[in-house]
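Every chain is numbered from 1 and lettered A, B, ... according to where its sequence line falls, protein lines coming before strand lines.
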4 protein chains.
Amino acid sequence: MSDSISKQDLIIESAAKVFAKKGYHNAKMGEIAAEAGIGKGTIYEYFSSKLQLFQEMMDQSLNKYFNKVVIDSLEKIPMEKRIQMLLQGHFQFCVENRELTRIIFWDTEIIDEELKDWAYNLRKEKESVMQDLIQSAISEGELRDIDANLVTQIITGVLGAMWAPIVLENKEFNIQKLSQEVTDLIMNGIKAK
Amino acid sequence: MSDSISKQDLIIESAAKVFAKKGYHNAKMGEIAAEAGIGKGTIYEYFSSKLQLFQEMMDQSLNKYFNKVVIDSLEKIPMEKRIQMLLQGHFQFCVENRELTRIIFWDTEIIDEELKDWAYNLRKEKESVMQDLIQSAISEGELRDIDANLVTQIITGVLGAMWAPIVLENKEFNIQKLSQEVTDLIMNGIKAK
Amino acid sequence: MSDSISKQDLIIESAAKVFAKKGYHNAKMGEIAAEAGIGKGTIYEYFSSKLQLFQEMMDQSLNKYFNKVVIDSLEKIPMEKRIQMLLQGHFQFCVENRELTRIIFWDTEIIDEELKDWAYNLRKEKESVMQDLIQSAISEGELRDIDANLVTQIITGVLGAMWAPIVLENKEFNIQKLSQEVTDLIMNGIKAK
Amino acid sequence: MSDSISKQDLIIESAAKVFAKKGYHNAKMGEIAAEAGIGKGTIYEYFSSKLQLFQEMMDQSLNKYFNKVVIDSLEKIPMEKRIQMLLQGHFQFCVENRELTRIIFWDTEIIDEELKDWAYNLRKEKESVMQDLIQSAISEGELRDIDANLVTQIITGVLGAMWAPIVLENKEFNIQKLSQEVTDLIMNGIKAK
DNA sequence: TATGAATGAGACTTCATTCAT
DNA sequence: TATGAATGAAGTCTCATTCAT
């Protein structure tokens, strides 16, 4: 197992760990190297700079998240079930990848003027998959006729809000039950009937 | 006007501007001083360090936000109307305080190991006002009988998601209409009836 | 005296000393700072980089040399006398400014691709003054009718060759006598009559 | 041809090329290896360090130059003719070995405290052949009775000055004519008769 | 013998903070 | 109180050299 992982991946993995714990600016290259159990200079054999390492790591992390969370909900099943799967996937991911979750949802610091746009667009690009999903559900009459973009934002917002207690507070909770509850709220609203 | 503002506030204001634009680590004390039109050393007459200045600024910014946004919705009026006011206040604030908005919702970078908890708790504390509000609405039967904490998270999540397009993309939009739409979605859900 | 010198000049002076002794690449900023009796960071208050410091120092050194050596020989006196003054000035400068001499005539290492041209042209520009001098002497019949450029090169070559023994070998010699001898050789050649 | 050259020589040749273009400090071992078409580690099979490689290369280059330029002029022919041959050889060498020329006459950077003396003495040693030549010409009455050392310096100086335009500026010129002109100036001086 | 992935010492440079004025 | 010149700790990145293959 440990020799089936490429050095490139090993570095990205260690970088994710350290970036998640310390944030971009407080993470030191030496610390990432130590975490990977390699020499400082070795990182530069695979990545040209700290910034590039961060970008590569972020790109990979977002991919991992979206592959796990969004793609799973692409099957042709009722929307309500899909959203529940989405939330369930999200919670599962949060629990299993605490470091990555922190990076994806928290570490949005301004590292670099250009990186700001890169990060924002990277996220929007990934979200467009979700938006398409919503749009088709609206077209097929499963969802109310509302701005798909708005709904996407709301769902993303909810996801974005529901990782902190899990990851930061280490709360015990029932994934199944929580995702059902939240799905219900998103689908039917909070108003008493 | 400009001489009615204390030097302390002047510095905080300048700090907010620079922190919002550059992020904590890329903001330089010299730049904040220049923005305030004072000498670099003068900042240290009012704040003991960059970190303390950031904390003071953050605290004040969050207060400003919650006072504006939450407090306005505390009157004893129907919950639906309140949420709409909350959203309207939020959007209004976003438009009028683009810099502060960025700081409050974006610049959550990990500045310092201890600051992480401080920032998280500061936010939770402010949110508790909202949670009380929700709880009482549930008690009075206006809202469905669900975990008030969950609802708070969802609403905060939605707010947290709905600033970026406004502030970062400079989108034109109708505040009144948008807040009504989002309120409707939160209250009644997204499912077609 | 020591407080009449600006910090800028103090740094250049120290830089000249260290660059002369160690060469560009072996000179360390910390060493230059130590030589100047200031902190490492202070250098960067006056010069943006090591390279810029080197260029500034070099520019100033060449100016000092040419002002001392060439300008003195501009008076309207016989060419033979002028060349002798030139040589005398050169030797005088070598003796009095051993460090600068080394920099000007030796430390022509390739520091930077662009700097190479900069250095070469800087030198050529200064030499053009000498070339004009030669040209007018030819026009007025004092010198044989030969390519002024060639003569300039020869004289510069001789100057360039006649610093090393003085500076590197610390040889004792009679400036007056040596400059007369060399002038004689340049004017009348080496061939027996 | 290419397999008649030893790997040692191949490396020295490549080193000369790279050192000439970049200077000692900017030349990278990897680049020299690439130029030679071999692995980085292989260089260390033949040379113990970058410094030793440079010294070996320099020694060989100077030998090549002096063999070509000085030795050719050792035959027992009139001094004037000899000097002309010397100059002609020099110019020929410059044109044919632009890289080596640069190294020999330009790249005199201070690589290492000890190397400084080594380089200076290496040059002086080679020059002693020329000095002996001059001395005998003086003894035989062909040249004026002047310090042979001085004349050597002057001739070396002229040679040292007359490579840059050829190598750096890529000037077109007539080797035959130029060497005759310069010989004339050295022999008869620049003064109008 | 040949290789090139890995290494880590060391250099430049930044910038929060100090302190003499 | 206000200032900004001076500082030096600390971090990124380079590259000669090593050594397992």
Between CD1 of B:Ile11 and P of F:dA2 the distance, given in whole Å, is 8 Å

Judged by nearest nucleotide, the residue sitting upstream toward the 5' end of DNA chain F, B:Lys7 or C:Tyr46, is B:Lys7

Comparing nearest nucleotides in DNA chain F, the 5'-proximal residue of the pair A:Thr42, B:Ile38 is B:Ile38

Mate of F:dC19 across any strand shown (Watson-Crick or G-U wobble, both atom pairs under 3.5 Å) is E:dG4

Interatomic distance, CG@A:Asn26 vs CZ@A:Phe19, rounded to 0.5 Å, equals 11.0 Å

note: B:Leu53, atom CG; E:dC15, atom C1'; distance rounded to Å ~ 15 Å

Nucleotide by nucleotide, nucleotides 16-21 of chain E touches protein heavy atoms under 4.0 Å in the pattern (B base, S sugar-phosphate only, - none) SBB---

| message | Pairing donors with acceptors under 3.5 angstrom, does anything connect the side chains of B:Gln60 and B:Glu56? | response | no

Base, sugar-phosphate, or nothing: which does C:Phe47 touch, judged by heavy atoms less than 4.0 Å apart? nothing

Atom CD of A:Gln52 and atom C1' of F:dC13 are separated, to the nearest Å, by 14 Å

B:Ile43 atom CD1 is separated from F:dT1 atom C1', nearest whole Å, by 15 Å

Those residues at least two apart in sequence (or on a different chain) that pass ring pair (Phe, Tyr, Trp, His ring centres under 6.0 Å) with A:Tyr46 are none

- Does the pair C:Lys17/C:Glu99 count as a salt bridge with the N-to-O cut at 4.0 Å? no

Do A:Lys50's NZ or CZ and the ring of A:Tyr24 fall within the cation-pi criteria of under 6.0 Å and 45°?
yes

All heavy atoms of C:Ile32 vs all of C:Ser14, minimum pair found to be O-CB, 3.8 Å

